[in-house]
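A short worksheet on the structure shown next.
All values below were derived from every heavy atom in this structure, side-chain atoms included, with hydrogens, water molecules and symmetry-related copies excluded. So that the names make sense, note that chain A is the first sequence line, chain B the second, and so on, each numbered from 1.
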Number of protein chains: 2
Amino acid sequence: MTPEEIAVETIQREMTVFARRARASAGRMHPELSLVSYTLLGHLEESGGRRATDLAAHYALDKSTVSRQVAALERAGLIERRLDPEDHRVQVLHLTEAGREILAQVTRSRRAAFRERLADWAEEDLVRFAAYLERYNAGTSAGTGED
Amino acid sequence: MTPEEIAVETIQREMTVFARRARASAGRMHPELSLVSYTLLGHLEESGGRRATDLAAHYALDKSTVSRQVAALERAGLIERRLDPEDHRVQVLHLTEAGREILAQVTRSRRAAFRERLADWAEEDLVRFAAYLERYNAGTSAGTGED
DNA sequence: AACTTCAGTTGTACTATACAACTAGGTCGC
DNA sequence: GCGACCTAGTTGTATAGTACAACTGAAGTT
C-alpha cells in the first residue's frame, strides 16, 4: 500500500471506531439529552427558530422522526412551537429558557470531556486537527456517514 | 476564547457531526452488515477466534446484546461457534468462509467510499489527519465516546 | 372548485440496546 | 465431594431512535 492508502485505511478505521464509541456512550453520558436532541437544540440555538422540516432535511432524518423528537423536547419544556402567522402549516421552533439552560449545561459537560481528552495536545495540533475534521465533514455524503 | 479553546470547540462539534451522520447512515450503506456486525466480524478476523464475553468487554456492550448479534451472524452463516473442549461454558467464535467474503466485500466498499471522499487531499494531509485520529482515539474513554 | 403540493402527525414495524432473571458449567473451601 | 459461589451465555422485557406509509389540514394553481 502507498502511504496514501495506509492513511486512508487508518482514517476509515479510526472514524469507525469513533462512531461506534460515540454511539455506544452518547445516551449514557447525558441522560437528559440524547445526541440527536442535543444536536437539534444546538441547531435551534444557533439559527434561532427553524421548522421541523428544515431540521429533517439538514440532518437527513425522516420528518416523522423529527416530529417525535420535537414532541419530546416540547413535552420536556425545552422548546416551544410558534405557529407561523403567514403560513398555518408551519410551526417555527424556538428554545425556551429551560432549553437554553439544559443546552448550556450539557455543552459545558461535553466541552469539559473534550478538553480533558485534548489537554496534552499542542495548540498547533489542535488547530490542524480541527481544520482536518471540518474539511472531512464538509465533503457531503459518503464515508462512514452521509448527511 | 483562545485559539486552543476554539480548536477544542471545533473538534467537539465536528466529531459530534460525524458521529451523528455515521449513526444515521450506517445501517443504510450496507444492509448486509450493520456497523456493529461489521466491527465484530472485523475483530474476529483480526484476532481469529474470540468469545462473546471478550467482544462485549472490548466494545462496552452488554453480553445480551452481543449474544443476539452473534446469534444473528450465525443465523446468516457468517460465523460459527465452537465449543471450547476445555470449558463447556465457552463458545469460541470463528468466521466462516461466507463471513470472510462478506467482510471483504463490505470492507472494499467502505474503503472505496472513504477513498473517494479523501480523493483530493494531499498525501501529507492524509497522513497527518490519520495520525491525529489515532491519537485522539487512543485516549481511553471520555469525549463523545468511551470504549 | 378541483388538483396538487407541503408541513406535520400518527400507526406500525424494526434494530440496537440495556437490565434482570435464568440455565448450565466450573471452582473452591472445607 | 458437596454446597456456595462464580462465569458464559440465553431469554424476557422494556426503551430509544429510526423509517415508511397513510393520513390531516392548510396553501397554492389553474
Just say parallel, tilted or perpendicular for the rings of A:Tyr59 and A:His43, cut-offs at 30° and 60°.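 Answer is perpendicular, since the angle exceeds 60°.
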Check the orientation of A:Phe129 and B:Phe129. Use parallel for under 30°, tilted for 30 to 60°, and perpendicular for over 60°.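 If you compare the ring of A:Phe129 with that of B:Phe129, the planes turn out tilted.
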With B for base contact, S for sugar-phosphate-only contact and - for none (protein heavy atoms under 4.0 Å), nucleotides 24-29 of chain C reads -BS---
What's the shortest heavy-atom distance between A:Leu126 and B:Val8, and which atoms?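 Looking at all heavy atoms of both residues, the shortest contact is CD1-CG2, 4.1 Å.
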Kindly give the heavy-atom pair with the smallest separation between B:Asp84 and B:Val92, and that separation in Å.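 So the minimum-distance heavy-atom pair works out to CB-CG2, 4.3 Å.
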Find which nucleotide of DNA chain D each of A:Thr65 and B:Val90 is nearest to by heavy atoms, and output the residue with the more 5' nucleotide.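 Nearest-nucleotide comparison on DNA chain D picks B:Val90.
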If you compare every side-chain N and O of B:Ser67 against the phosphate oxygens of D:dT10 (OP1, OP2), does one of them come in below 4.0 Å?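 Looking at the OP1 and OP2 atoms of D:dT10, one of them is under 4.0 Å from a side-chain N or O of B:Ser67.
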Tell me whether the side-chain N/O atoms of B:Gln69 come closer than 4.0 Å to OP1 or OP2 in C:dT15.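 So the side chain of B:Gln69 is outside the cut-off, no N or O lying under 4.0 Å from OP1 or OP2 of C:dT15.
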Tell me the interatomic distance from [X], atom [atom1], to [N], atom [atom2], rounded to whole angstroms.
X       : N      : atom1 : atom2 : value
A:Leu73 : D:dG17 : CG    : P     : 10 Å
B:Leu40 : C:dT15 : CG    : P     : 16 Å
A:Lys63 : C:dG11 : NZ    : P     : 16 Å
B:Leu61 : C:dA16 : CG    : P     : 11 Å
A:Leu83 : C:dG8  : CG    : C1'   : 11 Å
B:Asp62 : C:dA20 : CG    : P     : 10 Å
A:Leu93 : C:dT9  : CG    : C1'   : 14 Å
B:Gln91 : D:dT10 : CD    : C1'   : 9 Å

Record whether the side chain of A:Arg68 comes under 3.5 Å of the base of D:dT15 through a donor-acceptor pair of N or O atoms.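 No, the side chain and the base share no sub-3.5 Å donor-acceptor pair.
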N/O donor-acceptor pair, side chain B:Arg81 with base D:dT10, under 3.5 angstrom: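 Between D:dT10 and B:Arg81, which were checked side chain against base, a qualifying N/O pair under 3.5 Å is absent.
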If two hydrophobic side chains count as joined below 4.5 Å and joins carry through other members, does [X] share a cluster with [Y]?
X       : Y        : result
B:Leu55 : B:Leu95  : yes
B:Leu78 : B:Val106 : yes
A:Val90 : A:Leu61  : no

Tell me the salt bridge (Lys or Arg N to Asp or Glu O under 4.0 Å) pairs involving residues 55-78 of chain B, sequence neighbours left out?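 Counting only pairs at least two positions apart or across chains, the salt bridge (Lys or Arg N to Asp or Glu O under 4.0 Å) contacts touching residues 55-78 of chain B are B:Glu74-B:Arg81.
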Under 4.0 Å from any atom of DNA chain C, heavy atoms only: list the residues of residues 47-55 of chain A that qualify, in numerical order.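 Heavy-atom cutoff 4.0 Å gives A:Arg51, A:Ala52, A:Thr53.
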Closest to side chain of A:Val36, choosing from D:dT10, D:dG17, D:dT13: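 Between D:dT10, D:dG17, D:dT13, the one nearest the side chain of A:Val36 would be D:dG17.
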Sub-4.5 Å side-chain heavy-atom contact between B:Asp120 and A:Arg135: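 Yes, close enough: below the 4.5 Å cut-off.
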